[in-house]
Amino acid sequence: MDEPRLKLAIQKSGRLTDPSLDLLTRCGLKISRGKDQLMAYGENMPLDVLFVRDDDIPDLVQEDVCDLGLVGLNVLEEKRLELAARGHPARFEQVRKLEFGRCRLSLAVPQGASFEGSSSLRGKRIATTYPFLLERYLRERDLHAEIVTLSGAVEIAPRLGRADLICDLVSTGSTLQANHLREVETVLESHAVLIRTPLALPPLKDEWVERLLMRIDGVQQVRESKYIMLHAPRAALAQIRKLLPGSETPTIIPLEGFPDKVAIHAVCRETVFWETLESLKKAGASAVLVLPVEKMLV
Ligand code: PRP
Ligand code: ZN
């Protein structure tokens with residue numbers, strides 16, 4: 001019998017596509033994908049990647065077409081609220097927060113329009129493709145405004161006279177700028193997440209989900225991590241250990257022929273700045289080497 005294969009949905013083309021593929025590659029997945037193909041076959045893992053519209057990803061997991069999905073929290077939360085409004089429980093679970101796809105769902109007004117805090121929203125028409133998140137935002141502040149639900153091109157709604165302001169995703173801010181809009185309030189901070197079906201999977205699939213999660217954790221941990229090696233006077237050991245950013249248990253090695261010196265090797269899990277190296281040197285460190293970490297399994 002064929003081994004059961006996991007199906008993972010990712011965005012077909014958009015801000016999450018490249019970082020999603022990059023993450024999967026770093027997790028060791030090799031896929032073969034023909035041009036314009038909607039599904040790519042995992043050559044070295046029982047995992048296939050489906051390329052779909054990001055808005056469809058929660059539904060695909062909800063409906064058990066896919067076991068896993070990489071999607072923005074914005075899309076996920078909107079879907080959760082929509083399902084709740086229809087009395088349906090969400091059948092997807094967020095299993096990892098990811099470090100890419102950072103953006104925010106924000107309110108923006110035409111440049112030149114006045115805005116004095118959220119009370120300025122009263123009675124206004126707000127265009128959005130996120131009606132449920134916007135509705136929650138307004139309800140929590142006890143504000144009444146008209147939500148104009150659109151399926152796209154939200155940023156031109158004020159110019160067309162369809163709305164007074166908009167509620168849309170902002171990443172670099174260039175779309176707002178190009179449309180003479182000014183960001184005024186944040187409705188939701190977003191980033192990519194990995195979701196899975198809450199249903200029990202057959203053991204072989206489940207095992208691969210666990211392996212993938214462990215590899216994702218490893219990939220995320222090494223992003224900022226550096227391996228530091230240096231020589232330190234024994235007398236300055238305590239001070240130098242304190243200076244090493246995010247390293248709990250450095251390895252201390254005696255140096256042959258130098259009884260008052262040691263070598264320290266440490267994995268630093270936070271960015272190592274030049275300032276840190278300068279402080280280390282001041283504390284007596286010498287022969288300092290900072291190396292990138294390629295893989296980590298803890
Ligand atoms: C969002 C949003 C804007 C743009 C903002 O669309 O609707 O058009 O991104 O990004 P910027 O601040 O970098 O200019 P998105 O790419 O999510 O497309 P989608 O809503 O069609 O999925
Ligand atoms: Zn979308």
Side-chain angles (χ1 to χ4, degrees), residues 8-23 36 38-39 49-63 65-66 68-83 85 90 92 94 97-113 115 121 124-138 145 147-195:
L8 167 85
I10 72 167
Q11 189 180 29
K12 196 165 84 180
S13 73
R15 85 179 77 240
L16 299 182
T17 310
D18 286 344
S20 298
L21 287 171
D22 180 60
L23 175 67
D36 300 326
L38 295 185
M39 185 146 111
V49 181
L50 269 80
F51 296 82
V52 298
R53 277 185 55 222
D54 63 342
D55 312 62
D56 294 337
I57 293 173
D59 283 333
L60 289 169
V61 175
Q62 178 89 7
E63 290 155 17
V65 179
C66 292
L68 300 165
L70 286 171
V71 67
L73 188 67
N74 51 304
V75 168
L76 193 68
E77 290 305 297
E78 178 71 10
K79 180 50 81 176
R80 209 190 288 280
L81 293 174
E82 185 193 326
L83 286 167
F92 40 75
Q94 183 182 324
K97 174 181 176 179
L98 303 168
E99 284 159 1
F100 60 88
R102 295 199 170 277
C103 58
R104 54 205 180 270
L105 183 65
S106 285
L107 292 162
V109 299
Q111 270 166 19
F115 188 85
L121 298 171
K124 293 279 164 55
R125 292 167 305 156
I126 312 173
T128 191
T129 54
Y130 295 87
F132 290 93
L133 282 167
L134 178 57
E135 192 275 331
R136 183 179 68 180
Y137 175 90
L138 295 170
I147 299 174
V148 180
T149 305
L150 302 178
S151 57
V154 167
E155 59 275 8
I156 59 168
R159 257 186 298 157
L160 298 178
R162 297 185 73 181
D164 303 300
L165 65 154
I166 68 163
C167 172
D168 200 13
L169 281 195
V170 183
S171 161
T172 60
S174 58
T175 303
L176 289 189
Q177 209 182 2
N179 289 282
H180 309 286
L181 295 162
R182 177 168 66 97
E183 189 176 357
V184 287
E185 303 251 312
T186 305
V187 173
L188 180 84
E189 295 277 357
S190 185
H191 48 79
V193 295
L194 176 70
I195 57 171

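Note that these values count all heavy atoms, side chains included, but never hydrogens, waters or copies made by symmetry. Each ligand, and each atom within it, is numbered from 1 in the order the structure gives.
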*Starting at OG1 of T128, measure out to CG of L169 and round the result to the nearest 0.5 Å.*
8.5 Å
*Would you mind naming the N, O or S atom of D54 nearest to the Zn ion (ligand 2)?*
OD1
*Tell me, yes or no, whether the heavy-atom count around R162 atom CZ, taken from other residues, nucleotides or ligands under 6.0 Å, exceeds 12.*
no
*Can you tell which part of L169 has a heavy atom less than 4.0 Å from ligand 1: side chain, backbone, both or neither?*
both
*Show which atoms of ligand 1 fall inside a sub-4.0 Å distance from at least one heavy-atom site of D54.*
22 (O)
*Specify which N/O/S atom of D55 comes nearest to the Zn ion (ligand 2), by atom name.*
OD1
*The single option from P158, P131, C167 passing side chain to side chain contact (heavy atoms under 4.5 Å, CB included) against I126*: C167
*Kindly state if atom 7 (O) of ligand 1 has a protein heavy atom within a strict 4.0 Å cut-off, that is, under 4.0 Å?*
yes
*asked:* Please report the interatomic distance CG(L165) to CD(E185), rounded to the nearest 0.5 Å.
replied: 10.0 Å
*Consider every N or O of Y130 and every N or O of ligand 1, then say whether any pair is closer than 3.5 Å.*
no
*What do you reckon, does G173 have a nitrogen or oxygen under 3.5 Å from a nitrogen or oxygen of ligand 1?*
yes
_Flag, side chain of E183 to backbone of S106, donor-acceptor distance under 3.5 Å_ = no
*Between R53 and ligand 1, which part of the residue brings a heavy atom under 4.0 Å of the ligand: side chain, backbone, both or neither?*
neither
_Side chain proximity check, T149 to Y130, heavy atoms < 4.5 angstrom_ = no
*Please name all residues satisfying side chain to side chain contact (heavy atoms under 4.5 Å, CB included) with H191, sequence neighbours left out, ordered by chain then number.*
L73, K97, R102, V193
*Do protein heavy atoms approach atom 20 (O) of ligand 1 to less than 4.0 Å?*
no
*asked:* I'd like to check which ligand 1 atoms, numbered from 1 as shown, lie under 4.0 Å from a non-hydrogen atom of D168.
replied: 2 (C), 3 (C), 7 (O)
*Say whether G14 and ligand 1 are in contact under the criterion: heavy-atom distance to a ligand atom below 4.0 Å.*
no
*Under 3.5 Å between some N or O of ligand 1 and some N or O of T172?*
yes
